[in-house]
Asks: 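Before I ask anything, let me first share the structure, which is written out below as structure tokens.
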Amino acid sequence: MDITAIIDSLNDAQRQAVSAPARAMLVLAGAGSGKTRVLVHRIAWLIKIEHIAPHNILAVTFTNKAAKEMRGRVEDLLNISARSMWIGTFHGLAHRFLRQHNEEAKLPSTFQVIDSDDQLRLIKRLMKSMQIDDKRWPAKQIVWFINAQKDEGRRAKDIPETQDLYLKVQLSIYRAYEELCARSGLVDFAELLLKAHETLRDNAELLAFYRDRFKQVHVDEFQDTNTIQYAWLRLLTDGQDNLFVVGDDDQSIYGWRGAKIENMFNFQKHYPNHQLIRLEQNYRSTGNILKASNALIACNEGRMGKELHTDSGEGDLISLYAAFNEQDEAYFVVERIRQWVAEGHSRADVAILYRSNAQSRQFEEKLMATGTPYRVYGGLRFFDRLEIKNALAYLYLMAHKDNDAAFERIINTPTRGVGAKTLETIRELAKRDNLTLWAAMVELIRTEHFSPRASNALKSFAVLINKLIKASEGLELYEQVKLVVEDSGLLAFHKKEKGDKGEARAENLEELVNAARQFEYDAESAEGASELDVFLAHAALESGDAQGDEFEDCVQLMTLHSAKGLEFPMVFMVGLEEGLFPSQQSVDDPGRLEEERRLCYVGMTRAMRLLYMSYAESRRLYGKENYPRPSRFLKEIPAEQLQEIRVRANVTKPVATVKPKMGTVALGSSGRYKLGQRVRHVKFGEGVVLQVDGEGTQERVQINFASAGMKWLMLSYAKLEVL
DNA sequence: TTGTTCCAGCTTTTT
DNA sequence: GCTGGAACAA
């Protein structure tokens, strides 16, 4: 292969990054500027031009999807197998590393990865046994605390003792949780990273080996790394200047879960020989969309600085729609989509983006009513589903009878007459004699501790598990799964649940058998773990893409967060209202407000050709009617890039006649009454301005009065007092 | 063991 | 105002 295939298709900045002699590199890659492309081509360059062996290359991403895509694209470009290359998520790679070096990491070879759901259950149980009131210390907050500590690289012993009762209790649970996990060989997500870091740090030989092995380390979405992830990267590359990172400070939207945007600044300090390259040419959006996005993000302070530009034309203006209420907003959006589809476009090219999941319902209802296929992203993933977790728990327990979490999950699922009392007795004995729950149960059966009824229930459970173990010997993985699903009674149990729910669950169980059949066991990278174990770890680490009709032409609904990295010809950003977006919890904190602004920037830059933004003048939220002001972000977009769309609203039945108007955000001509303005009327009392219409003496306002309800008033007659 | 009722909580999400 | 979980009664 010659050099041209690798760099010909690139622009100057991209080419510079790909072929740079420098090993420490910070690529500031704007939205739609070909970020993944640079990474893929850089790796290809190293392999083909600099003759670095694939297995000397490490590339880290955040999601399995991104990892898969990168591997695929490298393979396509070079027409080689990239199997020996370490490409994966931080968690996936840490897991692989710990499997391989479980002794150095002081982990049992059978250690198991638990997901956040298991973690929460575990902590709830632990707190109960410690007799800590979960009203005062909600388990969720404890989990949050522990994970936040781990993300910062702190063990319980690293946190100084305090007098603060609140911290004290949290700390004591953290300590107990660490012990429990160590004893039962459980590793949560944050632990994977922390443990991998510690093992590498405290093991000179291991560290030297990997530092030598990875000639070049690449990181995607660098702005999303947290403290421990960056620390791990530094261990591998410090002093060697071989860290190549790609990121965009303007798209950092995960600060709330520990991502440190500062890592981008720290990188510049820690790798003084680095080269900085900006990718500012955008290949996605039209000029107007970019101008608007640039102006919006410019309102943030402390940016690394970057301005996107494009060669494609100006394109359409951004359309702004002021909806009467959330119903009207949904109606407008769905009507627009129908027009779009009627013009022969595809539904899959349209995305509706919202700030919070709860907003999806309005749109779903309207889409459903018009028979428009749609797909909602987010929500429960395949391996997170209750019935799937139940089935997996059977498999866990069969393979590892000491797995207490699995035991608890299925001891009475399907119900077999083991009540809370019985379980409590088992727990007590287990705790007293330091036994696993399984062993405690066996002991209690043996000593005939229980009433015949409870005893029989337990016996039938023990027999079932043992029978399943026997029967699954020598079977293929998918046959084992099939056996468990059917013979555990789970399938029958879920099938008889009423409604569609039961049916869906039964289907999912069958799908699990399918997933097992399609699962590819790679004995080489399994580091000695059995196929079942690898499958179970896979289920924890890779929650499975949201299921759905991938092949049907569907409108896409998702949160702004999950839209990152995607692009659509037509985008609707909805609910641009103060208190919703930016969210109420963010408005008082400048840092968090900036993150909201970045989120808005992410949303806008998803749009290729058409961008619609909308807000509702009235919105029902938590059962109360709200009259929010339009989002401040709308005011930060230059008026020249906006066109307002007003549907002549007849409250009962909006008719879609469009009257574009340049550069205004729904203000009356006098400018005296803003939407959401509180006013007082002599007769009707207090109310809120919802709409302003007409000009001069004809100017009238629609007001929602607290006591008198909705009224249209002529301004020249009504005596209104601005509050 | 199951069904009912009451009550808090209510951004964003990956692994 | 809706939902999920926990507490309680049958």
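Quick note on labels: first sequence line is chain A, next is B, and so on, each numbered from 1. Just the heavy atoms: all of them, side chains too, but no hydrogens, waters or symmetry mates, feed the values below.
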Asks: Once the angle between the rings of A:F363 and A:Y354 is folded into 0 to 90°, is it parallel (under 30°), tilted (30 to 60°) or perpendicular (over 60°)?
Replies: parallel

Asks: May I ask you to say what A:N412 touches in the nucleic acid, namely base, sugar-phosphate or nothing, with a heavy-atom cut-off under 4.0 Å?
Replies: sugar-phosphate

Asks: Going 5' to 3' through nucleotides 3-10 of chain C, assign each nucleotide B (protein heavy atom under 4.0 Å from a base atom), S (under 4.0 Å only from sugar-phosphate atoms) or - (no protein heavy atom that close).
Replies: ---S----

Asks: With P as the reference atom in both, quote the distance from C:dG4 to B:dT11 in angstrom, rounded to an integer.
Replies: 15 Å

Asks: For A:A391 and A:L512, which heavy atoms make the closest approach, and how far apart are they?
Replies: CB-CD2, 3.7 Å

Asks: Taking only the C1' atom of each, what is the distance from C:dG5 to B:dT12 in whole angstrom?
Replies: 23 Å

Asks: Determine, for nucleotides 9-15 of chain B in 5'-to-3' order, which nucleotides have protein heavy atoms under 4.0 Å from the base (write B), from only the sugar-phosphate (write S), or from neither (write -).
Replies: -BBBBBB

Asks: Just to be sure I understand the rule, does A:V418 reach a base, reach only the sugar-phosphate, or reach nothing, if contact means heavy atoms closer than 4.0 Å?
Replies: sugar-phosphate

Asks: Could you label the plane-to-plane angle of the A:Y612 and A:F572 rings as parallel, tilted or perpendicular, counting under 30° as parallel and over 60° as perpendicular?
Replies: parallel

Asks: State the syn/anti category of B:dT11 according to its glycosidic angle, syn meaning within 90° of 0.
Replies: syn

Asks: Can you tell me how the ring of A:W137 sits relative to the ring of A:Y166, calling it parallel under 30°, perpendicular over 60° and tilted otherwise?
Replies: parallel

Asks: Is it possible for you to check whether A:R592 lies under 6.0 Å from the centre of the six-membered ring of A:W256, through NZ or CZ, and within 45° of that ring's axis?
Replies: no

Asks: For the residue pair A:R505 and A:F493, would you count it as a cation-pi contact if the rule is NZ or CZ under 6.0 angstrom from the ring centre and within 45 degrees of the ring axis?
Replies: no

Asks: For the pair A:E596 and A:R632, find out whether any cationic side-chain nitrogen is under 4.0 Å from an anionic carboxylate oxygen.
Replies: no

Asks: Charged N to carboxylate O below 4.0 Å: is that the case for A:R619 and A:E326?
Replies: no

